[in-house]
Amino acid sequence: MLDYIYDGSFDGLLTAVYEAYYRKETPERIMSEQCYQENLLSTKLYVETDTVKANKVYQAIKNKISYGALKNVFYVFLSELPEAGTIIYHYLKLGWKIGNQVDKHLTDDRVLTVHDISRKVGRERHLMLGFIRFRQLEGNIYYAPMEPQYNIVGLVAGHFASRLADQNWIIHDVRRGIGAVYNRKEWIITNIDVKELKFSEEERNYQQLWKEYFNNIAIKHRFNPVLQKSNMPTKYWKHLVELT
Amino acid sequence: MQLLDKLRILAAAAKYDVSCSSSGSTRKNTPGGLGNASYSGICHSWTSDGRCISLLKILFTNYCVYDCAYCVNRVSNDLPRALFTPEEVVALTINFYRRNYIEGLFLSSAVYKNPSYTMELLLKTVKKLREEENFNGYIHLKAIPGADFSLIEEAGKYADRMSVNVELPSSEGLKLLAPQKKHEAIIKPMSLLSSKITERKEEKKKYKQAPKFVPAGQSTQLIVGATPDSDLQIMKLTENLYGQFKLKRIYYSAYVPVSNHPHLPNISAPPLLREHRLYQADWLLRFYGFSAGELLDADNPNFATDLDPKTDWALRNLHLFPVEINRADYEMLLRVPGIGIKSAKRIVAARQVGPLNYSDLKKIGVVLKRAKYFITCRGRYYGATVVEPEHIRNKLLAGSKSYQPQYQQLSLFSLYPDIFAADEQLSRITGEL
Ligand code: SF4
């Protein structure tokens with residue numbers, strides 16, 4: 001058995017795919033070093049991330065398969081599932097064999113798995129566009145903590161950059177310790193460590209108004225908490241102002 | 001009065017309006033401005049009744065000079081009243097939006113003093129939002145029936161969506177329960193909006209720069225179960241409204257008992273199952289190519305309680321089934337119970353690269369539990385029954401947990417509203433974007 005191990009970056013993963021192709025090898029698994037678990041029976045190859053090689057693979061996905069496939073691959077990568085690398089590898093091999101029709105092979109497990117994960121990541125992204133809650137801090141910075149399952153902070157930042165264009169804001173993935181920071185011009189992803197937060201004077205006021213609104217807009221004749229929870233899973237409630 | 005108290009009163013007064021959709025607009029942010037629209041809409045939260053919150057939905061005021069029997073805000077009802085100022089609504093909207101609580105504002109109102117006076121207040125508020133605050137988020141504005149047309153038309157320059165509520169499915173109903181509201185006063189602004197929207201769309205095709213007019217279109221709402229109108233009458237009305245006025249959405253609101261007016265039915269819970277069936281049928285009209293006349297007729301003027309309208313239709317038209325998955329065209333696939341739009345599209349796509357097996361269908365998202373009675377796959381029928389309505393009906397009903405013999409279901413419904421309120425499948429569909 002042969003395992004490829006990459007550094008956990010997207011470029012690292014693409015480099016691993018490149019190496020497999022040019023070495024004419026078929027690794028059993030492609031895993032990030034963060035997820036890798038020793039297996040005595042397997043041979044390991046540590047892949048050195050190389051942006052030139054990664055870019056070649058990137059272009060080959062876009063040009064020889066499709067833009068949609070590239071998006072799928074990126075979304076599956078962001079799922080951070082331990083088997084994501086291997087799943088992507090099999091999908092791409094099939095993709096280069098059959099070209100831009102690959103996403104029509106809806107009954108092939110290699111395609112199905114990718115679509116399924118990609119859809120879950122996309123769905124969480126969409127939910128987060130709604131669930132992110134900014135708190136106004138002293139100094140007129142808006143701060144939003146979140147704990148998504150997948151690594152999607154980079155997928156939501158653009159949405160807020162065009163929408164809340166005239167605000168300074170931070171979206172903080174608390175669990176991963178990273179965040180998107182926006183300065184009314186551009187946003188970057190960076191490591192974030194928050195020590196103390198001071199709310200602006202009017203912040204509590206608006207939080208209270210929002211809670212009041214939230215509690216008064218429900219119809220008690222239609223009380224249906226099961227439906228509420230199926231639409232808004234409780235794992236996201238922690239950072240929702242109206243539910244704390 | 002404190003802003004907090006006003007918000008409490010005027011949110012509670014607006015809650016019976018079902019629409020909270022923020023979809024359909026392409027409004028973009030402007031340099032230095034705040035906000036943009038998301039074409040597919042975004043839900044920001046869900047309340048304890050399972051409904052999505054997308055917009056800040058409030059009445060400008062609940063002081064009303066009218067006395068509509070089915071409405072909590074009727075003048076003869078004794079309840080706390082409040083009135084916002086345009087500045088207050090603007091501050092709430094902007095500050096909620098900056099915190100990402102909402103997609104925008106849904107502003108409606110009771111009739112304060114008179115329709116035109118009320119409309120002017122609404123207009124003033126949205127104008128302030130757009131022109132002074134550079135707000136580009138979503139705005140849904142109610143057109144107040146009976147208000148001056150010029151006011152309604154001007155409001156259309158600022159709103160993404162406008163709506164006039166039909167309220168009741170028939171003009172007899174209106175006469176009985178809302179004597180001050182005239183059928184024409186509702187239809188006229190609808191038709192005005194509809195022709196303006198079409199006109200502006202045409203202009204936009206020629207000059208990209210033509211200003212927007214209600215870009216997310218118009219919608220309406222009607223109350224179900226407050227009058228004796230049948231589902232057939234409602235679906236016919238629905239069909240006309242979509243056809244004639246090009247409405248984007250029609251919302252059905254199960255009548256919530258708020259009064260014991262002699263003309264109102266004496267019920268203890270809103271007819272949620274009926275509301276659910278109407279939404280299912282509305283979907284069939286808009287996306288599945290059905291017409292009202294196919295779903296209901298004079299002999300069957302109301303939807304079945306035990307089966308959804310599509311399955312019910314299929315059982316009455318068994319001569320069209322079973323259809324072969326690998327050959328049936330898209331339109332026919334859509335008519336198969338257990339196949340939705342997504343799975344129909346996937347079937348069509350997947351067929352291009354190879355024939356489908358029965359075991360593939362599940363992967364694609366087909367609900368085989370229902371579909372298997374109406375399809376063949378590579379020539380084989382998997383329904384394991386005789387293709388006859390009664391056999392299939394029994395199989396389908398035996399497979400669905402929620403099924404109760406009809407008399408029992410109806411009495412349960414009125415006796416134990418909570419059982420129904422807690423059933424998630426009943427109103428899932430109304431919580432969509
Ligand atoms: S006009 Fe509107 S707010 Fe006033 S009583 Fe009638 S439905 Fe209610």
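Residue numbers start from 1 in every chain, and the chains themselves are labelled A, B, ... in the order their sequence lines are given, proteins ahead of strands. Small disclaimer: the values here were computed from a predicted structure and weren't measured. Side-chain atoms are counted along with the backbone in the values below, which use heavy atoms only and exclude waters and symmetry mates.
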Choice from [options] maximising heavy atom contacts with chain A below 4.5 Å:
{"options": "B/Ala11, B/Ala349, B/Ser45", "value": "B/Ser45"}
{"options": "B/His44, B/Lys28, B/Arg99", "value": "B/Arg99"}
{"options": "B/Asn136, B/Ile102, B/Ile53", "value": "B/Ile53"}
{"options": "B/Asn29, B/Asn95, B/Leu3", "value": "B/Asn95"}
{"options": "B/Ala14, B/Ser38, B/Pro257", "value": "B/Pro257"}
{"options": "B/Arg346, B/Glu103, B/Gln352, B/Arg98", "value": "B/Arg98"}

Looking only at heavy atoms and a cut-off of under 4.5 Å, which of [options] has the most pairs with chain B?
{"options": "A/Lys220, A/Gln101, A/Glu242", "value": "A/Glu242"}
{"options": "A/Asp103, A/Ile98, A/Leu164", "value": "A/Leu164"}
{"options": "A/Asn205, A/Leu106, A/Ile132, A/Ile217", "value": "A/Ile217"}
{"options": "A/Tyr236, A/Phe134, A/Phe131, A/Tyr206", "value": "A/Tyr206"}

[X] side chain to [Y] side chain, donor-acceptor N/O pair below 3.5 angstrom:
{"X": "A/Gln149", "Y": "A/Lys120", "answer": "no"}
{"X": "A/Gln228", "Y": "B/Trp46", "answer": "no"}
{"X": "A/Asn216", "Y": "B/Arg8", "answer": "no"}
{"X": "B/Asn357", "Y": "B/Ser359", "answer": "no"}
{"X": "B/Gln280", "Y": "B/Arg277", "answer": "yes"}
{"X": "B/Tyr97", "Y": "A/Arg163", "answer": "yes"}

Does any backbone or side-chain atom of A/Leu112 lie under 4.5 Å from a heavy atom of chain B? Answer side chain, backbone, both or neither.
side chain

Using non-hydrogen atoms and a 4.5 Å limit, figure out which bit of A/Tyr142 sits close to chain B: side chain, backbone, both or neither.
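The answer is the side chain of A/Tyr142.
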
Heavy-atom distances under 4.5 Å only: say whether [X] touches chain A with side chain, backbone, both or neither.
{"X": "B/Leu361", "value": "neither"}
{"X": "B/Ala91", "value": "both"}
{"X": "B/Pro31", "value": "neither"}
{"X": "B/Leu7", "value": "side chain"}
{"X": "B/Leu356", "value": "side chain"}
{"X": "B/Tyr101", "value": "both"}
{"X": "B/Leu4", "value": "both"}

What's the spacing between A/Ile30 CD1 and A/Glu83 CD if we round to 0.5 Å?
13.5 Å

Could you give the distance from CG (B/Leu56) to CG (B/Leu107), rounded to the nearest 0.5 Å?
8.5 Å

A/Met146 vs A/Val174 side-chain heavy atoms within contact, under 4.5 Å:
no

A/Tyr75 ring centre to A/Lys71 NZ or CZ under 6.0 Å, with the angle to the axis within 45°?
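Yes.
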
Quick test of your reading of the model: are A/Asp109 and B/Lys363 salt-bridged, counting only N-O distances below 4.0 Å?
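Yes, charged N to carboxylate O under 4.0 Å.
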
Between A/Tyr182 and A/Phe160, does the ring centroid distance fall short of 6.0 Å?
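Judged by ring-centre distance (under 6.0 Å), A/Tyr182 and A/Phe160 do not meet the cut-off.
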
